[in-house]
Amino acid sequence: MRPALGQARFALLGVLGETERRAPGRMGVFRQAVCKDVWYRKMTYSEKLKDPRWQKKRLEILEAAQWECSSCGDKETTLHVHHKRYHKGLEPWDYGNHELECLCEDCHRRVSELDKSLTFDISLLGEGDKLALAGYVDALLRMEVWGTPEAKNETEADVKFKSCEYMSGIGDYFGISEDKLIEIAQKNEGWIPFAELYEARRKKYAK
Ligand SMILES: [Zn+2]
């Protein structure tokens with residue numbers, strides 16, 4: 001307990017003690033609440049989900065998703081607003097909208113289980129495989145954010161050449177060989193322009 005709160009509780013117990021002396025038994029419940037720290041403990045997670053700030057955020061996400069599951073399109077079953085990831089110490093309502101998702105009950109359960117098993121399984125991989133996977137995930141996220149070269153932000157969408165393992169993950173997604181990536185990076189001071197990656201993927205699926 002913080003010192004200021006400790007002092008406040010001490011003062012409050014004094015007041016309650018005085019009241020109890022004058023009217024025995026009447027303040028027992030309050031006294032118990034103060035002693036048990038009920039008034040000072042942190043909100044539990046389920047209490048936080050009843051907070052108006054979360055209710056407002058939740059509504060915003062549900063409305064943006066037009067009240068349907070973003071995974072299967074279900075409109076009939078209970079909808080949940082899923083936190084795609086968690087940041088330590090952040091309140092549920094302090095998340096960016098891109099970190100939240102509207103999911104039906106079934107999809108929410110499935111996605112949550114998948115998140116857990118994926119984290120669990122990835123931890124068994126060696127560093128090289130983790131790097132390749134990190135490159136592949138990086139590629140997926142770039143496509144999600146930028147989608148097309150026209151939508152890209154010049155300073156953020158281009159890829160800086162990292163390790164060969166990392167680049168193999170990028171190459172797998174965009175359909176471009178490691179040798180070709182090295183060749184492009186050499187021509188561009190270590191950078192791979194997003195437009196070239198995008199074009200390679202377009203050709204890969206045009207076949
Ligand atoms: Zn669903």
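Order of listing sets the numbers, starting from 1, for every ligand and every atom in it. Not measured: the values here are computed from a predicted model.
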Heavy-atom check, side chain of F174 versus side chain of M143, under 4.5 Å
yes

SG (C107) to the Zn ion (ligand 1) to SG (C104), nearest 10°, is 100°

Angular separation of C69 SG and C72 SG about the Zn ion (ligand 1), given to 10°
110°

Do H80 and E105 have side-chain N/O donor and acceptor atoms under 3.5 Å apart?
yes

Within the supplied structure, the quantity of interest is the number of heavy atoms (other residues, nucleotides, ligands) at a distance under 6.0 Å from K84 NZ; does it exceed 12?
yes

Say whether E144 and H98, considering side chains only, have a donor N or O and an acceptor N or O under 3.5 Å apart.
no

N/O/S atom of H108 under 2.8 Å from the Zn ion (ligand 1), yes or no?
no

